[in-house]
Amino acid sequence: MEVHAWRKELSVKGKNGIAFLMAAVLIWGLSTAVFLLSLDLYTQNILMLCSSGLMLPLAILFSRLLRAEWKFDENPLGSLGLSLNLAQLAYFPLIFWAISASPGDAVMFFAVITGAHFFPYGWFYDGLPYYVMAPVTAISVTIVAALVSDSSRWLIPAAMVVLLLVLILWLTQDYRRKVALQK
């Protein structure tokens, strides 16, 4: 099997990673709620960071609900997906710095990192939506962050929810097209 065929298999069997994005919608929705609460900014940032720990359990749950594979033991590229996801952890020192040195910007940093990390999944799942939405997300949340006041900081994670939903819809169309081409 060639690399392109392996990528198509990842895309179809993994349903373009939509389960992970659905988990992200819930996490960013939770972060939106946290930033709407009357808590101090440090607590909001810590709760936002801690909520990201729900990613894998929620992604596994959504994978089961969607009947999508979330790990690919038989595909030679399968471990690459895990590596791409773990690579995001390398940016966590930046989040920790932002929480301590620039707490008002921490949610924006986290959103930009989240959005930008989608780019290599364009190759992994052979999906144009990831290539497009990675920079769109990073730029959009930066613009939102520049325009909102401190009391409206909740709009940054809310923007992530909207952008993730757009990505999910686009990836769903991409997945359906790929399944139709296999028939």
Side-chain angles (χ1 to χ4, degrees), residues 14-66 68 70-71 81-121 129-130 132-172:
K15 296 190 177 179
N16 278 340
I18 291 170
F20 283 84
L21 297 171
M22 292 172 73
V25 166
L26 284 182
I27 291 166
W28 282 101
L30 180 59
S31 292
T32 302
V34 164
F35 280 94
L36 282 166
L37 296 174
S38 297
L39 301 170
D40 65 278
L41 184 55
Y42 180 79
T43 302
Q44 290 173 329
N45 283 330
I46 294 300
L47 289 172
M48 171 192 65
L49 185 62
C50 290
S51 71
S52 67
L54 298 171
M55 177 54 85
L56 187 58
L58 286 173
I60 292 170
L61 173 66
F62 281 118
S63 292
R64 287 190 179 149
L65 292 173
L66 294 174
W70 67 274
K71 62 179 184 168
L82 177 62
S83 297
L84 293 174
N85 216 352
L86 291 177
Q88 186 179 10
L89 296 177
Y91 296 106
F92 268 49
L94 182 59
I95 302 302
F96 298 143
W97 171 85
I99 288 172
S100 65
S102 186
D105 296 322
V107 66
M108 189 244 345
F109 279 102
F110 200 25
V112 168
I113 290 167
T114 299
H117 105 281
F118 294 146
F119 193 81
Y121 288 100
Y130 280 113
V132 173
M133 291 304 292
V136 165
T137 300
I139 293 167
S140 296
V141 296
T142 302
I143 291 169
V144 169
L147 296 176
V148 300
S149 65
D150 289 347
S151 63
S152 299
R153 192 174 284 112
W154 63 270
L155 287 168
I156 300 166
M160 280 299 295
V161 170
V162 171
L163 291 161
L164 286 164
L165 290 171
V166 168
L167 180 56
I168 289 168
L169 291 173
W170 195 359
L171 286 168
T172 300

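All values below were derived from every heavy atom in this structure, side-chain atoms included, with hydrogens, water molecules and symmetry-related copies excluded.
Side-chain contact between Met22 and Leu66 is present, with heavy atoms from C-beta onward closer than 4.5 Å. Under the 4.5 Å side-chain criterion, counting only non-hydrogen atoms from C-beta, Leu61 is not in contact with Trp70. Residues Leu163 and Ser140 are in side-chain contact: their nearest non-hydrogen atoms beyond the backbone lie under 4.5 Å apart. Taking the side chain as every heavy atom from C-beta outward, Leu26 and Leu54 never approach each other to under 4.5 Å. Side-chain atoms of Ile27 and Met55, non-hydrogen and from C-beta on, do get closer than 4.5 Å to each other. Between Tyr42 and Ser100, every side-chain heavy-atom pair lies at or beyond the 4.5 Å cut-off. Counting only heavy atoms from C-beta outward, the side chains of His117 and Asn85 approach each other to under 4.5 Å. Residues Thr114 and Gln88 have side chains in contact (heavy-atom distance under 4.5 Å, counting atoms from C-beta outward).
Residue Phe92 places its CZ atom among more than 12 non-hydrogen atoms of other residues, nucleotides or ligands, all under 6.0 Å distant.
Taken to the nearest 0.5 Å, the CG atom of Leu169 stands 11.0 Å off from the CG atom of Leu21. From Leu171, atom CG reaches atom OH of Tyr121 across 12.5 Å, with rounding to the nearest 0.5 Å. Residue Leu58 holds its CG atom at 10.5 Å from CZ of Phe20, rounded to the nearest 0.5 Å. One finds the CG atom of Leu49 at 6.0 Å from the CZ atom of Phe110 (value rounded to the nearest 0.5 Å). Going from atom CG of Leu167 over to atom OG1 of Thr137 covers 6.5 Å, rounded to the nearest 0.5 Å. With rounding to the nearest 0.5 Å, the separation of CE in Met48 from CD1 in Ile95 is 6.0 Å.
The heavy-atom pair separating Phe109 from Ala98 by the smallest distance is CD1-CB, 3.6 Å. Between Ala19 and Ala59, the shortest heavy-atom contact is CB-O, 3.7 Å. The two atoms that bring Gly53 and Pro57 nearest to each other are O-CD, 3.7 Å, heavy atoms only. The two residues Leu30 and Ser51 make their nearest non-hydrogen contact at CD2-CB, 3.7 Å. The two residues Val25 and Leu164 come nearest to each other via the heavy atoms CG2-CB, 3.7 Å. Of all non-hydrogen atoms in Thr142 and Ala138, the two that sit nearest each other are OG1-O, 2.7 Å.
The six-membered or imidazole ring of Phe35 lies away from that of Trp28, with a centre-to-centre distance of 6.0 Å or more.
In this structure, Tyr130 contributes its side chain and Asn16 its backbone to a donor-acceptor pair below 3.5 Å. Side-chain atoms of Asp40 come within 3.5 Å of backbone N or O of Thr43 as a donor-acceptor pair.
Just one residue in the list Asp105, Leu36, Leu41, Asn45 forms a side chain to side chain contact (heavy atoms under 4.5 Å, CB included) with Arg153, and that residue is Leu41.
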(request) Using the side chain to side chain contact (heavy atoms under 4.5 Å, CB included) rule, take Leu47 and Leu37 through it: C-alpha gap first, then chi angles, then the decisive distance, then the call. (result) CA-CA 11 Å; Leu47 289 172; Leu37 296 174; 5.6 Å; no

